[in-house]
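A short worksheet on the structure shown next.
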Number of protein chains: 2
Amino acid sequence: MTTAINHILVVEDEQHIRRFVRTALESEAYQVTEAGTCTQGLQDIRTQRLDMLILDLGLPDGDGVQLIQTLRTWSKLPVLVLSARSADQDKIKALDAGADDYLSKPFSTGELLARVRALLRRSQFNPETASPLIHFGDIEVDLSQRQVRRRGEAVRITPIEFHLLSLLLLNAGRVMTHRHLLREVWGSTYVESNHYLRVYVGHLRQKLEDDPSQPRHLLTETGIGYRFQL
Amino acid sequence: MTTAINHILVVEDEQHIRRFVRTALESEAYQVTEAGTCTQGLQDIRTQRLDMLILDLGLPDGDGVQLIQTLRTWSKLPVLVLSARSADQDKIKALDAGADDYLSKPFSTGELLARVRALLRRSQFNPETASPLIHFGDIEVDLSQRQVRRRGEAVRITPIEFHLLSLLLLNAGRVMTHRHLLREVWGSTYVESNHYLRVYVGHLRQKLEDDPSQPRHLLTETGIGYRFQL
DNA sequence: GGTGGGCGTGGCGATTCCGTGAACCCATGC
DNA sequence: GCATGGGTTCACGGAATCGCCACGCCCACC
């Protein structure tokens, strides 16, 4: 199956709505992460590569509007608000805080998905949200566009290679354990297949390192895992 | 956010709603132009420098959804839809045709303005750079006129081919997933029919590439989709 | 009623990607 | 020196994906 490139974070405390939204999104092959609280949500936003945030306003541990405002001080991540309230003032406050769309409950799967598509479509036109370029050596990586360049020339990257690379880049400087990488890329049944990693790390070194036998960026942490040094 | 004055076109046939919307917008110092019909609206879009379109779906002389679709073949102008209908299917159709937001009547001034602000904020749409002519290789494409030329000679392009081409061109440089292209061109029930794409991408290569077997512009991203390189 | 263009669909060879085993390298410790 | 464990590289078969050709249907237009 085709790799989902759109990653959506759903912040919602009510269990059943969360499941409802997740199911809807997954049926369209989006990658979904869930959070139940503001704090957890912010945590996820900081650590994950996301394309969109779906946020319920009525969270137990804090004000959703507040969260949007904080978020907007450093990110343009598209935000779709869900809310039980349908009063004008609520909508206006949320939208002016920086939300991009506001959907009152109850809502249908169809409308939710259509609004998600519209939002993703629009935000992907926007070059500023889209391109946190990552540089190292003579390589340039654009994660949101799934592109890798070496001295300006496009480098061919397979889906698995790209998945692995983006994990390492998003956690640049940190050690990523074998198990963690394997679980993310191949799934939890492969956490012991260290061999896969060796092979694909090898591929990436061939494509990215000046001297693949003397890697300067994609480093191995013997007995632990790998680390990416920008 | 304080740049040039934003110019908004309101296409709406009912006199009193038009006045209502105009008054609201002008109270926020937007420059407003009005049109009462689809034809007039399209005319204005082609000739004026606009930042946004507010469109009523129930126009006497034609289908609003149709208008959005045509518009989207050559422009990314932000579109906010107003409609008396609030059924899911209407919303979905409009949003998937390319609208950016959908507001059901009756609506309040406050919400309308908040949504306009959100939309303008999100899409720093630059009408100057939206040139209708696109060049690559020895090909010239005029999206608004629906014409393709190769070394000056007209190239025959079927409706589906053109639709596909305009999507790729409007997102030149980006990877477009199979699903996304299929949904836009064939509709959401065909998101898994990758086969269609292979065939039509093939057709386009035959017509546009110097050496169709070694494409330089219409590139495949194995396992993901296609990308157009200008 | 014939003709032709556009479209959907099936099929098949070619290409690319992936999993896996085997060989090799190298540091460490006995 | 030699065994061991981890790391790297290579090679190859199977699977998935892709490009391309061909056929038949539909419909618009003679």
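Letters A, B, ... mirror the listed sequences (proteins, then strands); counts begin at 1.
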Ordered by number, residues from residues 182-190 of chain B within less than 4.0 Å of DNA chain D (heavy atoms) are none
Between CG of A/L164 and C1' of C/dC18 the distance, given in whole Å, is 14 Å
Interatomic distance, CZ@A/F107 vs CD1@A/I17, rounded to 0.5 Å, equals 6.0 Å
Hits for salt bridge (Lys or Arg N to Asp or Glu O under 4.0 Å) against A/D210, two or more places apart or cross-chain, chain-then-number order -> A/R150, A/R151
To the nearest angstrom, the CZ-P distance between A/F162 and C/dC17 comes to 14 Å
To the nearest angstrom, the CD-C1' distance between B/E192 and C/dG8 comes to 17 Å
To the nearest angstrom, the CG-C1' distance between B/N194 and D/dC20 comes to 16 Å
From CA spacing to verdict: side chain to side chain donor-acceptor pair (under 3.5 Å), B/S83, B/D90 = CA-CA 9 Å; B/S83 170; B/D90 295 311; 6.0 Å; no
d(A/L167 CG, A/L181 CG) to nearest 0.5 Å is 6.0 Å
note: B/E161, atom CD; C/dG5, atom P; distance rounded to Å ~ 13 Å
Note: contacts of residues 198-207 of chain B with DNA chain D (heavy atom, under 4.0 Å) are B/R198, B/R205
Residues of residues 219-230 of chain A with a heavy atom under 4.0 Å from any atom of DNA chain D, listed by number, are A/T220, A/T222, A/G223, A/Y226
Should the pair B/R72-B/E184 be classified as a salt bridge under the 4.0 Å nitrogen-to-oxygen rule? no
To the nearest angstrom, the NE2-P distance between A/H163 and C/dC17 comes to 17 Å
Of A/I157 and A/S193, the one whose closest nucleotide on DNA chain C sits nearer the 5' end is A/I157
Does atom CZ of B/R46 have more than 12 heavy-atom neighbours, drawn from other residues, nucleotides or ligands, at distances under 6.0 Å?
yes
A/H195 NE2 to D/dT8 P, in whole Å, measures 12 Å
Atom CG of B/L165 and atom C1' of C/dG6 are separated, to the nearest Å, by 17 Å
Review point. Is there a side chain to side chain contact (heavy atoms under 4.5 Å, CB included) between B/L119 and A/R122 once you walk through the steps?
Key: CA-CA 10 Å; B/L119 203 42; A/R122 182 154 27 111; 2.9 Å; yes
Rounding to 0.5 Å, atoms CD (A/E161) and NE2 (A/H203) come to a distance of 6.5 Å
Original post:
Would one find more than 12 heavy atoms of other residues, nucleotides or ligands at under 6.0 Å from atom NE2 of B/H7?
Top reply: yes
Sorted by chain and number, sequence neighbours left out, ring pair (Phe, Tyr, Trp, His ring centres under 6.0 Å) with B/H163 holds for none
Determine all donor-acceptor pairs shorter than 3.5 Å in which one atom belongs to a side chain in residues 220-230 of chain B; sequence neighbours excluded.
from: B/E221; atom 1: OE1; to: A/R146; atom 2: NH1; distance (Å): 3.2
from: B/E221; atom 1: OE2; to: B/R227; atom 2: NE; distance (Å): 2.8
from: B/E221; atom 1: OE2; to: B/R227; atom 2: NH2; distance (Å): 3.2
from: B/R227; atom 1: NE; to: A/Q147; atom 2: OE1; distance (Å): 3.3
from: B/R227; atom 1: NH1; to: A/Q147; atom 2: OE1; distance (Å): 2.5
from: B/R227; atom 1: NH1; to: B/Q229; atom 2: OE1; distance (Å): 2.9

